[in-house]
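Only one structure is covered here, and it is reproduced in the block below.
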Amino acid sequence: MSEHEDRRDTVDEIDLDQWVKVWDERHTFEAHGLTEPEPGRDEPADGREKRSYIVSMYPYPSGDLHMGHAEVYSISDVIARFDRLRGYNTLNPIGWDSFGLPAENAAIKRDLHPRQWTYDNIAVQAASFKRLGVSFDWRTRLHTSDPEYYRWNQWIFLKLFDMGLAYRKASPVNWCPKDHTVLANEQVIQGKCERCGTAVERRNLTQWFFRITDYAQRLLDDMDQLKGQWPEDILAMQRNWIGRSSGAHVDFRIVGRDEPVRVFTTRPDTLYGATFFVVAADAPLARELVTDEHREALETYIAALGGTSEIERMASDRAKTGVFLGSYAINPVNGEQIPVYASDYVLADYGTGALMAVPAHDQRDLDFAKAMNLPVRKVVETGEDDPAATGVATAARGTMVGSGEFDGLPSAEALPAIIAHLEKSGVGEGAITYRLRDWLLSRQRFWGTPIPIIHCEDCGEVGVPEDQLPVRLPESGFSLKPDASQSPLGTATEWLKVDCPKCGKPAQRDTDTMDTFVDSSWYYLRFPNPDYTEGPFDPEGVKRWLPVDHYIGGKEHANLHLLYARFMTKALHDAGLLHFVEPFKRLTNQGQVIMDGKAMSKSLGNLVNLQEQIGQYGPDAVRVTMIFAGPPEDDIDWAAVSPAGAVKWLNRVRRLASAVPASSLGAAVATGDAAVRRGVHRLLDEITSKMEAGRQNVVIARLMELTTLLQQSIDNGPGAADPAVREGVEALVVALSCFAPFTADDSWAKLGHEPSVATSSWPVVDKSLIVDEEVTCVVQVNGKVRARLQVPAAITEDDLKALSLDSDAVQKAVGDAKIVKVIVRAPKLVNIALAR
RNA sequence: GCCCUCGUAGCCCAACGGCAGAGGCAGGCGCCUUAAAAGCGCUUCAGUACGGGUUCGAAUCCCGUCGGGGGCACCA
C-alpha cells in the first residue's frame, strides 16, 4: 500500500535553470574535435570515427520562437541525442539566418537600425532554445548578418563570378511593389509575392543571376543519390520545377530576313501541321519581325499588355489575343509560308520565345487559331473527332497523315525520323529545354550582403579584390525608403564612391544586396568552424563533418533553399572546394503545427503561444507532445493532442525513479527477475529499432508501455529493489533523455547517478532474453484463424504441419474438403488452403 | 489539366504481405476522498474510403473511383 501512497504524492518541480547551467558548464553537447582530433581522445587513425552531423534549418530571427520552431528542433534534437547516446561523435549546430526583409521593415516602422531589431530577437531566441533544452553545440553559432559571415558570401559570389556562373542581364523580372524589390521565380507563388502576398509586376531591369540552369541536368541526375533518403514528394517537386522536356529545335527562315528564327517544340512529329508562327509580344524579336505597316498595331498591343497583371496573364482559361506582324515564316520541311503573330500566350523567357503553332494538336494553338480565324490542319490521326470542328486539340499519339514522306508512320516513330531529317538538312536538331530559370539574386533592399562589384565606365563590372572584403554595409548616410526602384544603398552617396580596382578611375559600387537564400545555400559548411578566417569554410571541418547526415526542415523550401543549396554545393564542388556534390544525405520534412485545423503563421496569428505552453506544461511536456502527436512529417493539430497527458506520463517516470532504492545501485542485473527483464528487453529492442527508423512517435508509445510494465513490477512483481527493475528504469530514463532532457536528468540523479544522462549510453539489448521458448502459432484455414497452438519456438516445419493438421479445431474446419496446400511459416503461422 | 501524397475506433495515431489495436486523448466504471479535483486501476468503441485484381493469405502490392492535403500550371 505504501507505494500507492508514494504515487499520490505531488511531484516536485524540476529546477530547469539549474540543469541548463549543468549542461553548459560540463560542455555536455559539444562535439569532439570540430576540425582536428581532440588531444587525449581516442579516434581511429584511419579517420573512420563514427560521426553524425545533424542540422535543422536555421531560424530567421523574426521574434521569439514559436510552435513551429519547437517542432523542428524537438525532432532534430531527438535524432542528435540518440546518435550521441549510441556512440557517434555528434554535431548539432545552431546559427541565425539574420539578414532579410522583416528586419528592415521593422526598422522602418520603429525608426532604428535593422541590426538592433535583428540581434535583439536573436538574443531572445537563443534564450528560448536553452529553455527548451535543445542540445546545440553553441560553439558553432553564426549569424549571416555578421561581416565575418557575409564577407565570405561575397567571396563565394566572386568565385562564381569568375567561373562565369554569376552574370548580369536585362530581362523582364518579378517586382514586388510592396516589398520594393525584385524576386526570384521561386519566390513567386501563383503570381504573388511569397512573403507578402502582393501581386507581382513584370519589369524590365538589369539584375544579377546565378546560372543554375547550367546545372539543371545534374540537379535531376543526382537525385538518384537522394532516392529513399529524401521524401519522394520533395524530389517530385524539384523534378517538376526543373521541368525537363525533350523535343527539337527547328529553324524557320523569315521571308526577307537573313537570320532564321529558332523555335523549340516537344512535338517535331507535328511539324507539317504548323499553320502559323507566334513570338512573345514582350520579346525584342516581336519588334524585329514586325513590318512597318503593322508596327503601330504591335505597339498598341504591347501597351495594352502593360495594363494586364501577372495574375490575369497567367490564367490559362483567358481568351487568346495577339496581333499579326505582317511577316511570314517558312516551314523548313515543306517550304510553306505561314503568318507570324505576336501574342502574350508565348513566354519570352521559355525556349526561344517563339513557337510553331500546330492548332490541330495543341490546345493553346487551337484556341489562338479560333480567335484569329487561322487554319487548322490535322497531321496525326488519333481516331478522335476532328479538332477543327470540336475545338478540342488531339494531343495523343497516332498515325501520320498529310506529312509527306512520313505518312503512314506511327507518330512515335515519325518523331525521331523528323529530327533526323532536320539534322541532315541542317535546319534543326534534337534538343532538351528546362522550365528552370536562372536564379535572380539581386535585391533592392538594405539588410543583406552587398554585391561586391564595382561598376567602372571603362572596365565594366569589376569584382572587389579579395583583400578589400568585406564590402561592409554603410552605418549612416542612406535612406531605407528610397524613391522609385532605387536601392537603399543607391542613396549612400559617400559609400558608393570608389576607385576602379583595375584602372583606378572613379567608379561606383553595385547598389543591390543579395537574396538571403545565397547566405543559406552554404551556411551548413561553416558550422564546424564559424570563426575561420582563411576562407568561407574550414576544409578540415568540412572533411570531418560534411555532407550533412540528416537535415530537418519544412517542405516549403523544396524549390527554394533546398534547390539552391544543391546547386551551390555542385558549384563549389566544381570550384574544387568540396569533395561531394549533394549537401544533405537524408532529409526529413516536419509538418506544421496547426490549431483547430487552421494554420498558424505570422499573418494569420499564432493561435498558440509557445512560451505560454512551456509555462503551463514545461518544456519536456511540450516536446513530448510534439513528438508523440504523430510521424514527424504529419501536421500536428494542437487541439487534438494532450500536453496534459504528457505531463502525467513524465510524472509517472519520475515517481518510478524515486521508487527505485539506492541499495540496488550497482547490483548485478543478471540476478534480476527474469520475467521483468524479458519484458524490458523486448520493449527496448523495439524502441531501438523504431528509433533507428525515425518512428519517434512510436518510441514514445513503447516508452509509456515500459513505464507501465515497470510500475507493475514494483506493485505486483518482484518489487522496487529488484535489479531488473533498476535496469529497466535506467534504460527508460536514458531513452527518455532524447525527448524530455530535464525530466530524464532529474530522474537520473534520483537514481543515484552523476549528471548528465546525456553522457551515458544507449541501453544494450540482450537478445538472448527475448527469444521465447514457446510461441503461439496461429493456424489458418483459407486465411481464417481456426486454432492457436502453443509450440516450441524451435519446432520444425514438418512437426508444426503435422501438429496443426491434428488439431481438433482444424479438422473440424477442414471437414471433408480436400487440402490443396499447406503453407508453414514456423513457428508463428500455418495456413491450410482447401479446394474450392 | 499534370505531378506527388494521405484516407485504420468519437479524435490523434500503431501494425517485416501473416491473429487489425500497441500507445495517447475523449467517454464509461471503480479505488482513494466527508466531497470534489488530482492521482491510480479497469474498460467500451473500427474490420482499414469505395470497387476490382494479384496471393495460400492484402490495411500493406497493382489498377480504377471518390475524398483530404501539397506542388506546378498558356513551359510550346
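We name chains A, B, ... by the order of the sequence lines, and we start the count at 1 in each one.
- Rounded to whole Å, the distance from CD on A/Glu71 to C1' on B/rC12 is 14 Å.
- Rounded to whole Å, atom P of B/rG23 lies 11 Å from atom CZ of A/Arg652.
- If you take atom C1' in B/rC13 and the same atom in B/rG23, they sit 9 Å apart, rounded to whole Å.
- As rounded to whole Å, 12 Å separates atom P of B/rA76 from atom CD1 of A/Ile432.
- Spacing between atom CD1 of A/Ile627 and atom P of B/rG24 amounts to 18 Å, rounded to whole angstrom units.
- At a threshold of 4.0 angstrom between heavy atoms, the contacts of A/Pro631 are confined to the sugar-phosphate backbone, with no base atom among them.
- Comparing B/rC42 with B/rG47, their P atoms are spaced 27 Å from each other, to the whole Å.
- The cationic atom of A/Lys320 (NZ for Lys, CZ for Arg) does not lie both less than 6.0 Å from the six-membered ring centre of A/Phe368 and within 45° of the ring axis.
- No hydrogens or angles considered: a donor-acceptor pair under 3.5 Å links the side chains of A/His361 and A/Thr394.
- For A/Tyr341 and B/rA76, the OH to P distance is 23 Å, given to the nearest whole Å.
- Using a 4.0 Å heavy-atom criterion, one finds that A/Asp365 contacts no nucleic acid atom at all.
- Within 4.0 Å (heavy atoms only), A/Lys648 reaches sugar-phosphate atoms of the nucleic acid but no base atom.
- Heavy atoms of A/Ser245 sit under 4.0 angstrom from primed sugar atoms or phosphate atoms, though from no base atom.
- Base pairing analysis places B/rC72 opposite B/rG1; the two distances defining the Watson-Crick or G-U wobble pair are each below 3.5 Å.
- You'll find that the side chain of A/Phe264 is closest to B/rA76, out of B/rC56, B/rA76, B/rA14.
- Here the separation of B/rU60 from B/rU48, taken at their C1' atoms, is 10 Å to the nearest Å.
- Atom name C1', nucleotides B/rG53 and B/rU43: the rounded distance is 41 Å, in whole Å.
- Atom name P, nucleotides B/rU65 and B/rA58: the rounded distance is 24 Å, in whole Å.
- Residue A/Arg825 has no polar side-chain atom (N or O) positioned under 4.0 Å from OP1 or OP2 of B/rG17.
- When each of B/rG39, B/rC12, B/rC74 is scored by its nearest atom to the side-chain atoms of A/Val641, the top-ranked nucleotide is B/rC12.
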Please walk me through it: do A/Gln238 and A/Arg566 pass side chain to side chain donor-acceptor pair (under 3.5 Å)?
CA-CA 11 Å; A/Gln238 292 201 354; A/Arg566 294 186 60 217; 2.7 Å; yes
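- Taking A/Met57 as the reference, A/Tyr523, A/Tyr551, A/His557, A/His561, A/Leu562 meet the side-chain contact (heavy atoms from CB on, under 4.5 Å) condition, with sequence neighbours excluded.
- Nearest nucleotide to the A/Met237 side chain, out of B/rA76, B/rG18, B/rG71: B/rG71.
- Counting any heavy atom pair closer than 4.0 Å across all strands shown, A/Trp649 reaches no nucleic acid atom.
- One finds no salt bridge joining A/Glu71 and A/Arg623 here, because no Lys/Arg side-chain nitrogen approaches an Asp/Glu carboxylate oxygen to under 4.0 Å.
- Across all strands shown, B/rC66 is found opposite B/rG7 as a Watson-Crick or G-U wobble partner, with both distances under 3.5 Å.
- For A/Pro260, the side-chain contact (heavy atoms from CB on, under 4.5 Å) partners are A/Asp251, A/Arg253, not counting sequence neighbours.
- Nearest nucleotide to the side chain of A/Leu355, out of B/rA22, B/rA76, B/rG41: B/rA76.
- With RNA chain B read from its 5' end, the first of the two nearest nucleotides for A/Ala354 and A/Ala236 is the one closest to A/Ala236.
- Each of B/rA14, B/rC25, B/rC3 was ranked by its minimum atom distance to the side chain of A/Asn240; first place goes to B/rC3.
- For A/Arg435 and B/rC72, the shortest distance from a side-chain N or O to OP1 or OP2 is not below 4.0 Å.
- Shown here, B/rC16 forms no base pair; nothing in the strands shown gives a Watson-Crick or G-U wobble contact with both key distances under 3.5 Å.
- Remark: B/rA22 base-pairs with no nucleotide; criterion is Watson-Crick or G-U wobble with both hydrogen-bond distances under 3.5 Å.
- Distances shorter than 4.0 Å separate some side-chain N or O of A/Gln712 from OP1 or OP2 on B/rC42.
- Rounded to the nearest Å, the gap between the P atom of B/rG18 and that of B/rG10 is 25 Å.
- B/rG28 and B/rC45 have their C1' atoms separated by 11 Å, given to the nearest Å.
- Among the nucleotides B/rC56, B/rC25, B/rG70, the one closest to any side-chain atom of A/Lys555 is B/rG70.
- Between the side chain of A/Arg702 and the base of B/rA22 there is at least one donor-acceptor pair of N/O atoms closer than 3.5 Å.
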Could you check A/Phe277 against A/Tyr341 for ring-ring contact (aromatic ring centres under 6.0 Å, His included), going step by step and ending with a plain yes or no?
CA-CA 6 Å; A/Phe277 193 94; A/Tyr341 283 77; over 10 Å; no
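- Across all strands shown, B/rG39 forms a Watson-Crick or G-U wobble pair, both distances under 3.5 Å, with B/rC31.
- The pair A/Glu429-A/Arg262 meets the salt-bridge criterion, with a side-chain N (NZ, NE, NH1 or NH2) lying under 4.0 Å from an Asp/Glu carboxylate O.
- At the heavy-atom level, A/Arg437 lies under 4.0 Å from base atoms of the strands shown.
- Residue A/Asp634 is classed as a sugar-phosphate contact, given heavy-atom separations below 4.0 Å to backbone atoms only.
- Among B/rC3, B/rG23, B/rA15, the nucleotide with an atom closest to any side-chain atom of A/Ala701 is B/rG23.
- Atom CD in A/Gln711 sits roughly 7 Å away from atom P in B/rG41 (whole-Å rounding).
- In this model, the phosphate group of B/rG18 is not approached by any side-chain N or O of A/Lys828 to a distance below 4.0 Å at OP1 or OP2.
- Comparing A/Thr352 and A/Lys690 by the nucleotide of RNA chain B that holds the closest heavy atom to each, the one mapping nearer the 5' end is A/Lys690.
- B/rA15 sits 10 Å from B/rU8 when the C1' atoms are compared, rounded to a whole Å.
- B/rA76 atom P lies 17 Å from atom CG of A/Leu366, rounded to whole Å.
- The side chain of A/Asp233 lies closest to B/rC4 when the candidates are B/rC40, B/rC4, B/rA76.
- For B/rA14, one of the phosphate oxygens OP1 or OP2 lies less than 4.0 angstrom from a side-chain nitrogen or oxygen of A/Asn697.
- Listed nucleotides: B/rG24, B/rG39, B/rA76. Nearest to the side chain of A/Met704: B/rG24.
- Using a 4.5 Å cut-off on side-chain heavy atoms (C-beta onward), A/Arg654 and A/Leu650 make no contact.
- In the set B/rG24, B/rU5, B/rC40, the nucleotide with an atom closest to the side chain of A/Glu232 is B/rU5.
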What's the verdict on side chain to side chain donor-acceptor pair (under 3.5 Å) for A/Tyr434 and A/Thr213, showing C-alpha distance, side-chain angles and the deciding distance?
CA-CA 8 Å; A/Tyr434 302 88; A/Thr213 51; over 6 Å; no
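- Taking only distance into account, the side chain of A/Gln780 meets the base of B/rG18 through a donor-acceptor pair shorter than 3.5 Å.
- Between A/His557 atom NE2 and B/rG70 atom P the separation is 17 Å, expressed in whole Å.
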